[in-house]
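Everything numeric here is computed off the predicted structure, so don't read it as measured data.
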Amino acid sequence: MTVYDKGIEIKMQRLFQMLSEKDRRRYAGIEAAKLGHGGIEYVSGLFDMDPKTVRRGLIELEVNEDPAPSRIRKKRCGT
């Protein structure tokens, strides 16, 4: 499995923090898919998220249409 350069990881983490919860899952899923075997574990560690969430993002990307396109959770205060 390929791993990203530390500088790229930092940029990926910055972008990740700017995304909505739904977009974070999907972005993590795309990155995991690009890496192939071991990608889910690598990406979940990089973004400090549960591997199940990365898998869910992968599954959501297989669907042609977003079942709830306007539904985005508001960020909580202090997080």
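For Glu21 and Arg24, the salt-bridge test fails: no basic side-chain N is under 4.0 Å from an acidic carboxylate O.
The hydrophobic cluster containing Val43 also contains Leu15, counting ILVMFWY residues as joined when their side-chain heavy atoms lie under 4.5 angstrom apart, directly or transitively.
Using a 3.5 Å distance cut-off with no hydrogens or angles, the side chains of Glu31 and Tyr4 do pair a donor with an acceptor.
Leu61 shares a hydrophobic cluster with Ile30; the chain of contacts runs through ILVMFWY side chains whose heavy atoms sit under 4.5 Å apart.
Looking at every heavy atom in both residues, Ser44 comes nearest to Pro51 through OG-CG, 3.7 Å. Here the shortest heavy-atom pairing between Val54 and Ala28 reads CG1-O, 3.8 Å.
Expressed to the nearest 0.5 Å, how far CD1 of Ile40 lies from CG of Leu58 amounts to 5.5 Å. Taking CE of Met12 as the start and CG of Leu46 as the end, the distance is 5.0 Å to the nearest 0.5 Å. Taking OH from Tyr42 and NZ from Lys34, the interatomic distance works out to 11.0 Å, rounded to the nearest 0.5 Å. Note that CD of Glu9 and CZ of Phe47 are 9.0 Å apart. Values are rounded to the nearest 0.5 Å.
For the side-chain hydrogen bond (donor to acceptor under 3.5 Å, both in side chains) condition, the pairs that include at least one residue of residues 46-60, sequence neighbours left out, are Arg25-Glu60, Arg26-Glu60, Arg56-Glu60.
With hydrogens and angles ignored, the 3.5 Å screen pairs no side-chain donor or acceptor of Tyr27 with any backbone N or O of Leu19.
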